[in-house]
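Whatever order the structure lists ligands and atoms in, that order sets their numbers, starting from 1. Here, residue 1 is the first one in the sequence, and each next residue gets the next number.
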Amino acid sequence: MRPEMTSSSPTDRRLNALVRHLATASPVMESQTTVTFSPTAGSHGDSVFSHVVRAPEDPILGEGKPLVLNVVRKAEQMLVNDRSRVKEYLPIVGLADFNKLSAKLIFGADSPAIRENRVTTVQCLSGTGSLRVGGEFLARHYHQRTIYIPQPTWGNHPKIFTLSGLSVKTYRYYDPATRGLNFRGLMEDLGSAPSGAIVLLHACAHNPTGVDPTLQQWEQIRQLMRSKALLPFFDSAYQGFASGNLDIDAQSIRMFVADGGECFVAQSYAKNMGLYGERVGALSVVCRTADVASRVESQLKLVTRPMFSNPPIHGASIVATILKDRNMYNEWTIELKAMADRIISMRKELFDALRARGTPGDWSHIIKQIGMFTFTGLNKEQVAFMTREYHIYMTSDGRISMAGLSSKTVPHLADAIHAAVTRMS
Ligand code: IK2
């Protein structure tokens, strides 16, 4: 204890006297309880927060060292060199160019909904923030408060929507037996959802399973949802990152927009532009009319203003710089395709490595699944074994991030899976 911290110092004696005086003089302190000033309070476990229990670590966040795209570096350089740029606040809805270009990217350049001004887009804090803003808007203004999310889904979804004020239910999505889509279960569950319920759909590269509906299945889902007036809320965190093609990965969303109906879309640039920490994303709401869209936007501002006031400028400026310049846009699509292709080739290498080892089981799901993650089908014990014996880290549900693999590490992973399956089955 430092000398000035002892309770017998002249300063402390004066403060304690003052506290005693206030305790007896103040009309609001009627009891004779003596309040003693102790400058050391708080350092010995008597914090007003001492009841706070330690929260579990997030098992996912902060995994690796993602690549910075060349085109992103170039855009940043251009922004730095532009002396006319200032650090003024953005409007509440964010950077106008960014919003316009983001809507074009996801709905297509020739989208009638955009042409008819039926889309409102607001810049939000990446995909997570866009989901949260959409959720809060729906909790305030939509007649149905229930959102159906796939089982399983990204771990943050239930928390985001519950805290938005919605009630979260699940629909069947994954079939562990086939390691594919449980299409029948999905259709049955959406078929028995109450009319008007909100349905969260992963636009592509479903996280964590890597299992997407086929286009024919999407069409059946669309018909069912429209017939029951279920409201689609798309989460698009991997546009272009799944197939390597931005238009192909937006097909599911565009099918729903083409029928003239309404929907929500949360967009993230974390993966497809590698802008993870810049927190760049957008929420778009496609409405029936331009008038509704403009009223929705006015209410979205009331959601975001007290939440983060206005969004950050830097990441959105990078995206806008790239999307509005034809050459930079092309350069981006080439880099994006290279990232997606690399992941696809890692799938093939892992599949081949398991086959070469004669690992029991059908591992074709590794090449059938799409996007950043492979849902291996390994159980908790096998995952724990691989961590313990091979220092391989994945989520306990058996999800591997393919982006973290390289040709050099595939053999080690295949050895670990082989050992886990043969010894822990
Ligand atoms: N939605 C889905 C389906 C996501 O996978 C993500 C990103 N997840 O990142 C890796 C992980 O946590 O498993 C998001 C939304 C939101 O991402 P962000 O807020 O970074 O744009």
Salt bridge between Arg254 and Asp247, side-chain N to carboxylate O under 4.0 Å?
yes
Which residues pass the side-chain hydrogen bond (donor to acceptor under 3.5 Å, both in side chains) test with Arg347, not counting sequence neighbours?
Thr374
Do any heavy atoms of Tyr238 fall under 4.0 Å from ligand 1?
yes
For ligand 1, is Glu278 a contact, meaning one of its heavy atoms is under 4.0 Å away?
no
Between the main-chain N or O of [Y] and the side-chain N or O of [X], is there a donor-acceptor pair closer than 3.5 Å?
X      : Y      : value
Lys228 : Ala193 : yes
His365 : Thr376 : yes
Trp332 : Asn272 : yes

Numbering as shown, the atoms of ligand 1 that approach [X] to under 4.0 Å (heavy-atom distance):
X      : answer
Arg399 : 13 (O)
Asn207 : 3 (C), 4 (C), 5 (O), 13 (O)
Arg279 : 18 (P), 19 (O), 20 (O)
Ala270 : 20 (O), 21 (O)
His202 : 3 (C)
Gly127 : 18 (P), 19 (O), 21 (O)
Ser268 : 18 (P), 21 (O)

When every non-hydrogen atom of Val257 is compared with those of Ser111, the smallest separation belongs to CG1-OG, 4.5 Å
Run down the list Gln267, Lys271, His206, His157 and name the one with the heavy atom closest to atom 10 (C) of ligand 1.
Lys271
Interatomic distance, CG@Leu125 vs OG@Ser268, rounded to 0.5 Å, equals 11.0 Å
Return yes or no for this condition: an N or O of Thr128 is under 3.5 Å from an N or O of ligand 1.
yes
Applying ring-ring contact (aromatic ring centres under 6.0 Å, His included), can you list everything that pairs with His157, at least two apart in sequence or on another chain?
Trp154, His202
